[in-house]
Enquirer: 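First the structure, then my questions, so here it is.
This one's a predicted model, so the numbers in the text were calculated from it and none came from an experiment. In each ligand, atom 1 is the first atom listed, and ligand 1 is the first ligand listed.
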Amino acid sequence: MSVRRAVVGDLEAVLAIEHAVFSDAWSADSFAPEFDDPYAWFSVYEMGEAIVGYVVARIVAGQAEIANIAVDPSAQRRGIGGHLLDAAIVAASSADCEAVWLEVRPSNPAAQCLYASRGFEVIGRRPGYYRLPVEDALVMRRDLSGAAPPASE
Ligand SMILES: CC(C)(COP(=O)(O)OP(=O)(O)OC[C@H]1O[C@@H](n2cnc3c(N)ncnc32)[C@H](O)[C@@H]1OP(=O)(O)O)[C@@H](O)C(=O)NCCC(=O)NCCS
């Protein structure tokens with residue numbers, strides 16, 4: 001079991017999870033730039049030979065954003081989402097980021113609980129941010145200044 005950087009060959013497995021968990025799923029074209037973008041931190045969680053989760057973060061100019069995170073429904077509640085998020089936080093911390101930001105649907109308590117368990121706090125709301133269905137976004141922020149990063153593999 002390990003977190004490693006995503007490669008183009010992972011795309012099919014990533015898309016299968018994406019479409020299983022999101023009504024407004026990213027397309028292959030949405031993921032494609034994340035493989036080579038120097039500001040993207042796109043990693044997958046590998047269990048045996050299977051990809052069971054992934055996280056896409058963007059780390060730019062001292063700020064980090066979690067753009068996407070998901071775990072295959074058959075593998076949820078086993079610590080994988082937390083492991084992926086911790087790894088992204090370590091990457092942001094290593095890049096001297098002051099904070100990590102993300103958006104989450106108010107109707108997604110599982111993700112909100114995951115983020116709260118990692119020290120994220122709700123700091124705002126973006127009206128009508130999401131599509132399919134239209135919904136506001138809660139904006140959450142985890143301060144990295146002065147905090148020891150979480151342990152990661
Ligand atoms: C959110 C998601 C990534 C969590 O992944 P996961 O591997 O199941 O999460 P973990 O097992 O690491 O859980 C870590 C903590 O998050 C919280 N959590 C996760 N799922 C939860 C749920 N269904 N209900 C309540 N709390 C939950 C808990 O605090 C949990 O710690 P615990 O198991 O010790 O109680 C997963 O549910 C998922 O892929 N959801 C669909 C995609 C999605 O919503 N992505 C986020 C978009 S903003």
Side-chain angles (χ1 to χ4, degrees), residues 1-6 10-35 37 39-60 63-93 97 99-144 147-153:
M1 293 185 281
S2 66
V3 175
R4 63 158 173 80
R5 295 301 287 260
D10 300 324
L11 185 56
E12 190 178 339
V14 165
L15 282 172
I17 298 171
E18 178 79 7
H19 285 275
V21 300
F22 289 117
S23 55
D24 55 346
W26 285 19
S27 66
D29 286 347
S30 303
F31 280 103
E34 309 295 345
F35 292 106
D37 184 339
Y39 299 113
W41 194 88
F42 181 10
S43 292
V44 295
Y45 192 103
E46 209 167 29
M47 191 181 275
E49 304 221 333
I51 304 297
V52 294
Y54 52 89
V55 58
V56 179
R58 301 208 181 95
I59 299 176
V60 186
Q63 299 290 337
E65 180 196 9
I66 306 297
N68 198 341
I69 182 168
V71 173
D72 188 272
S74 67
Q76 291 179 4
R77 292 314 295 265
R78 291 201 235 156
I80 295 169
H83 204 79
L84 284 162
L85 185 57
D86 287 344
I89 292 169
V90 167
S93 190
C97 290
V100 183
W101 301 76
L102 55 83
E103 286 92 19
V104 61
R105 288 183 187 263
S107 64
N108 190 347
Q112 288 173 54
C113 287
L114 168 64
Y115 302 144
S117 76
R118 264 58 185 183
F120 284 81
E121 296 176 345
V122 175
I123 52 107
R125 194 172 183 109
R126 296 205 167 117
Y129 178 85
Y130 288 107
R131 298 285 175 268
L132 299 172
V134 172
E135 189 174 351
D136 293 353
L138 299 177
V139 181
M140 300 185 78
R141 180 180 186 274
R142 154 86 190 257
D143 189 8
L144 296 181
S152 180
E153 289 183 358

Enquirer: Spell out, as yes or no, whether a donor-acceptor pair under 3.5 Å connects the side chain of Glu135 to the backbone of Ser107.
Expert: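 Answer holds: yes.
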Enquirer: Who's the nearest protein heavy-atom neighbour of atom 39 (O) of ligand 1, and how far?
Expert: Val71 N, 2.8 Å
Enquirer: Measure the CD1-OH distance between Ile17 and Tyr45 for me, rounded to the nearest 0.5 Å.
Expert: 12.5 Å
Enquirer: Are any of the side-chain nitrogens in Asp24 or Arg131 under 4.0 Å away from the carboxylate oxygens of its partner?
Expert: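 No, this pair does not count.
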Enquirer: Looking at Tyr39, I want to see if its OH is surrounded by more than 12 non-hydrogen atoms of other residues, nucleotides or ligands under 6.0 Å.
Expert: no
Enquirer: If you measure from atom 11 (O) of ligand 1 to every heavy atom of Ala70, Ala75, Gly79, Gly53, which option wins on shortest distance?
Expert: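 Nearest option to atom 11 (O) of ligand 1, by heavy atoms: Gly79.
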Enquirer: Between His83 and ligand 1, find which residue part has any heavy-atom pair under 4.0 Å and reply side chain, backbone, both or neither.
Expert: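 For His83, no heavy atom sits under 4.0 Å from ligand 1.
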Enquirer: Heavy atoms only, cut-off 4.0 Å: how does Glu103 contact ligand 1, side chain, backbone, both, or neither?
Expert: backbone
Enquirer: Give the residue and atom name of whichever protein heavy atom lies nearest to atom 1 (C) of ligand 1, and the separation in Å to one decimal.
Expert: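 Result for atom 1 (C) of ligand 1: Ala111 CA, 3.8 Å.
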Enquirer: Just need the protein heavy atom nearest to atom 2 (C) of ligand 1, so name the residue and atom and give the distance.
Expert: Leu114 CD2, 4.3 Å
Enquirer: Which residue and non-hydrogen atom of the protein lie closest to atom 42 (C) of ligand 1, and at what distance in Å?
Expert: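 For atom 42 (C) of ligand 1, the nearest protein heavy atom comes out as Phe22 CZ, 3.4 Å.
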Enquirer: Minimum distance, heavy atoms only, to atom 21 (C) of ligand 1: which one of Arg77, Arg105, Gln76, Met140 is it?
Expert: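 Result: the heavy atom closest to atom 21 (C) of ligand 1 is in Arg77.
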Enquirer: Does the protein come close to atom 45 (N) of ligand 1 - that is, does one of its heavy atoms sit below 4.0 Å from that atom?
Expert: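 Looking at atom 45 (N) of ligand 1, one finds that a protein heavy atom does lie closer than 4.0 Å.
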Enquirer: Between Phe120 and Ile89, is there a side-chain heavy-atom distance shorter than 4.5 Å?
Expert: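 SC-SC contact between Ile89 and Phe120 confirmed.
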Enquirer: Give the residue and atom name of whichever protein heavy atom lies nearest to atom 48 (S) of ligand 1, and the separation in Å to one decimal.
Expert: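 Answer for atom 48 (S) of ligand 1: Tyr115 OH, 3.2 Å.
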Enquirer: Which residue supplies the protein heavy atom nearest to atom 18 (N) of ligand 1, what is that atom called, and how far is it?
Expert: Ala110 O, 3.7 Å
Enquirer: Check Tyr130 against ligand 1 and report side chain, backbone, both or neither, counting heavy atoms closer than 4.0 Å.
Expert: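 No part of Tyr130 comes within reach of ligand 1.
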Enquirer: Is the ring pair Tyr54/Phe31 parallel, tilted or perpendicular, if the boundaries are 30 and 60 degrees?
Expert: perpendicular
Enquirer: For Asp29, does its backbone N or O pair with a side-chain atom of Ser27 as donor and acceptor, under 3.5 Å?
Expert: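 Yes; at least one donor-acceptor contact below 3.5 Å.
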Enquirer: Numbering the atoms of ligand 1 from 1, which are under 4.0 Å from a heavy atom of Arg78?
Expert: 11 (O)
Enquirer: Can you check whether Leu138's main-chain N or O pairs, donor with acceptor, with Tyr129's side chain at less than 3.5 Å?
Expert: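 Not at all, since once roles are kept as given, no pair shorter than 3.5 Å links the two residues.
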Enquirer: Could you tell me whether a side-chain N or O of Ser2 sits under 3.5 Å from a main-chain N or O of Glu46, the two making a donor and an acceptor?
Expert: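 Not a single qualifying donor-acceptor pair exists.
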Enquirer: Looking only at protein heavy atoms, identify the closest one to atom 41 (C) of ligand 1 and say how far it is in Å.
Expert: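 Protein heavy atom at minimum distance: Val21 CB, 3.7 Å.
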Enquirer: For Val55, is there any backbone N or O sitting under 3.5 Å from a side-chain donor or acceptor partner on Asn68?
Expert: no
Enquirer: So which heavy atom in the protein is nearest atom 26 (N) of ligand 1, and how far is it from that ligand atom?
Expert: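 Protein heavy atom with the smallest distance to atom 26 (N) of ligand 1: Cys113 CB, 3.3 Å.
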Enquirer: Counting only nitrogen or oxygen atoms and a 3.5 angstrom limit, does Pro109 reach ligand 1?
Expert: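 There is no such contact.
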Enquirer: For His19 versus Trp26, what's the shortest heavy-atom pair and its separation?
Expert: NE2-O, 3.9 Å
Enquirer: Mind checking whether Ser117 has an N or O less than 3.5 Å away from an N or O of ligand 1?
Expert: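 For ligand 1, there is no N or O atom that lies under 3.5 Å from one belonging to Ser117.
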Enquirer: Would you say Gly82 and ligand 1 have an N/O pair spaced under 3.5 Å apart?
Expert: yes
